Amino acid sequence: MDHFLYRDGTLHAEDVAISDIAAAVGTPFYVYSTATLERHYRLFEEALSPLPHLVCFAVKSNGNVAVLKTLAKLGAGMDVVSGGEYLRAKAAGVPGERIVFSGVGKTRAEMRQALEGGIRQFNVESEPELLALSEVAAGLGLRAPIAIRVNPDVDAKTHEKIATGKKENKFGIPIARAREVYAEAARLPGIEVVGIDVHIGSQLTDLEPFELAYAKVAELTRALRADGHTITRLDLGGGLGIPYERSNSAPPLPVEYGALIKRTVGDLGCEVEIEPGRLISGNAGLLVASVIYLKHGEGRDFLILDAAMNDLVRPSMYGAHHDIIPVQEPTPGLEPQPYDIVGPVCETGDTFAKARPLPPLGPEDLVAFRSAGAYGAVMASEYNTRPLVPEVLVSGDQFAVIRARPTFDEIINRDTIPSWL
Ligand code: LLP
């Protein structure tokens with residue numbers, strides 16, 4: 001069910017007209033749909049039932065505290081990768097026992113912060129990290145619950161920048177060495193082994209890599225138990241892809257992914273954790289922008305928007321496709337025009353789409369980038385001293401600004417001038 005639909009000729013987020021939000025907050029802005037966030041979370045809940053499980057939302061995909069709280073109220077756990085994300089999860093009211101801490105470079109300060117504040121488990125990615133964590137935990141008189149992230153050397157068949165499960169990637173411990181490292185973990189005073197972790201990449205549109213990786217995890221679970229370890233949890237990571245182009249064939253559904261999990265690891269008696277980000281937040285968000293100019297170039301027309309690569313970097317960083325649609329429903333029968341859709345930033349890379357067919361558009365028209373709720377606002381920067389765009393949350397017929405646009409004073413006053421100037 002799509003909660004971003006045209007009604008009376010205008011694109012709505014649930015029951016709120018996008019044009020009303022634009023009038024209230026100005027463009028560009030991100031807008032998220034509560035109903036979509038909730039629905040996507042519940043799809044995973046249902047897909048994993050009746051296995052004991054915890055769906056840990058990947059905070060990196062969308063860390064707004066109001067978004068996290070929307071999910072936390074449904075019982076979601078959180079997957080965090082920094083001390084900052086940990087504090088966001090806490091600010092959203094998520095108890096420590098529902099927070100898993102992932103990431104390849106946790107600092108001792110971050111470890112201490114999570115141990116003191118409460119943590120479900122650390123997903124440990126290297127032996128030096130294991131030793132550091134043991135020292136920090138033992139220093140606090142604690143034992144840190146851990147899963148070791150194994151690298152199964154599986155090709156996730158996704159964009160190379162977001163594939164993480166091949167041996168040449170920086171992530172995890174080679175699965176062939178896992179038994180050795182678990183033996184070391186069991187000897188450490190500040191460590192309590194609870195499970196195994198794996199995450200092979202993001203935006204996977206094929207289930208086979210998951211199947212290969214999870215089969216290896218099942219085999220490792222049996223081997224580690226035979227070695228005397230207590231393995232009660234399997235963290236299977238995130239990564240299930242979403243349809244970015246409505247015209248394309250759809251990636252597998254959470255229910256199919258859930259069936260795969262049950263098939264591969266369901267008989268091990270473990271609690272299953274998953275860390276989906278994009279599938280929950282991606283299609284729950286739009287980036288809305290205005291056309292500033294229509295510029296007739298050499299053999300092409302440029303639509304120059306007030307949103308740019310600093311607001312949504314995915315097209316320039318990964319060559320990613322986002323559907324772009326007009327906020328006013330096009331009049332039927334109007335011939336689409338090919339536009340190069342660009343932002344105002346001074347780089348040719350600030351291009352969202354080339355020769356994209358859209359109904360005729362001009363200055364002040366509003367457009368919406370679909371599928372922008374994941375890895376959109378969180379990856380934004382203030383490049384060109386462009387303020388971070390506001391975020392808005394819709395629920396039914398209500399909307400609220402959940403992060404305001406900073407003023408230029410706020411931005412500029414973060415800089416300080418040294419005494420010698
Ligand atoms: N767990 C771990 C350990 C991860 O590294 C990630 C994503 C996730 C879970 C969530 O994956 P998801 O379900 O969202 O696919 N900026 C890129 C995506 C980077 C993904 C990084 N890790 C993009 O815009 O496509």
Side-chain angles (χ1 to χ4, degrees), residues 2-6 10-14 16-34 36-37 40 60-64 66-67 203 242-246 277-278 280-292 303-328 339-345 349-354 356 358 361 364-384 386-394 399-406:
D2 190 344
H3 292 281
F4 298 107
L5 293 172
Y6 290 109
T10 302
L11 187 65
H12 280 60
E14 303 188 22
V16 181
I18 296 294
S19 46
D20 288 349
I21 305 175
V25 305
T27 57
F29 62 89
Y30 278 96
V31 56
Y32 310 124
S33 151
T34 299
T36 312
L37 290 165
H40 289 169
K60 65 168 78 70
S61 72
N62 187 321
N64 189 291
V67 169
Q203 186 53 17
I242 62 171
Y244 275 99
E245 286 183 65
R246 277 186 299 174
R278 193 189 310 262
I280 292 178
S281 57
N283 279 326
L286 304 177
L287 171 64
V288 179
S290 303
V291 177
I292 307 178
L303 267 188
I304 304 176
L305 305 183
D306 63 357
M309 63 187 288
N310 69 297
D311 304 311
L312 178 66
V313 77
R314 303 193 67 259
S316 62
M317 190 176 240
Y318 312 111
H321 173 101
H322 284 263
D323 279 349
I324 301 171
I325 57 172
V327 167
Q328 288 311 314
Y339 291 111
D340 282 13
I341 302 173
V342 301
V345 162
D350 186 22
T351 298
F352 291 119
K354 285 193 169 162
R356 182 73 66 86
L358 279 179
L361 286 167
E364 292 177 33
D365 285 338
L366 297 171
V367 294
F369 290 76
R370 293 178 62 92
S371 314
Y375 307 110
V378 283
M379 293 180 78
S381 77
E382 288 176 345
Y383 188 36
N384 282 205
R386 295 170 45 82
L388 291 181
V389 305
E391 295 177 283
V392 173
L393 185 64
V394 168
F399 73 91
V401 174
I402 57 172
R403 188 185 68 195
R405 196 189 308 277

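Everything quoted here is computed from the prediction, not taken from an experiment.
The backbone N or O of Asp306 lies less than 3.5 Å from a partner atom in the side chain of Arg386, making a donor-acceptor pair. For Tyr30 (side chain) and Asp311 (main-chain N/O), a donor-acceptor pair under 3.5 Å exists by modelled atom type. In this structure, the side chain of Asn62 engages the main chain of Gly373 through a donor-acceptor pair within 3.5 Å. In this structure, the side chain of Tyr339 engages the main chain of Leu361 through a donor-acceptor pair within 3.5 Å. Looking only at distances, no side-chain donor or acceptor of Glu364 sits under 3.5 Å from a matching main-chain atom of Ile292. Distance alone, capped at 3.5 Å, is enough to place a donor-acceptor pair between the His322 side chain and the Arg370 backbone. For Arg405 (side chain) and Pro28 (main-chain N/O), a donor-acceptor pair under 3.5 Å exists by modelled atom type. Arg403 contributes a side-chain N or O that, together with a main-chain N or O of Val389, makes up a donor-acceptor pair within less than 3.5 Å. A side-chain donor-acceptor contact under 3.5 Å links Asn64 to the backbone of Ala66. In terms of modelled atom types and a separation under 3.5 Å, the side chain of Asp323 and the main chain of Arg246 share a donor-acceptor contact.
Closest heavy-atom contact between Ala368 and Leu11: CB-CD2, 3.8 Å. Among all heavy-atom pairs drawn from Leu312 and Ala372, the shortest one is CD1-CB, 4.5 Å.
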Subject >> Verdict with supporting geometry, Tyr383 and Val313, side chain to side chain contact (heavy atoms under 4.5 Å, CB included) >> reply: CA-CA 11 Å; Tyr383 188 36; Val313 77; over 6 Å; no
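Residues Arg314 and Phe369 are not in side-chain contact: their nearest non-hydrogen atoms beyond the backbone lie 4.5 Å or more apart. By the 4.5 Å heavy-atom criterion applied to side chains, Asn384 and Asn310 are not counted as neighbours. Annotation: side chain of Pro326 is not in contact with side chain of Asp365 (no heavy-atom distance under 4.5 Å).
A donor-acceptor contact closer than 3.5 angstrom links the side chains of Ser61 and Ser281. Side-chain contact check for His321 and Arg356: at least one donor-acceptor pair (N or O, by modelled atom type) lies under 3.5 Å.
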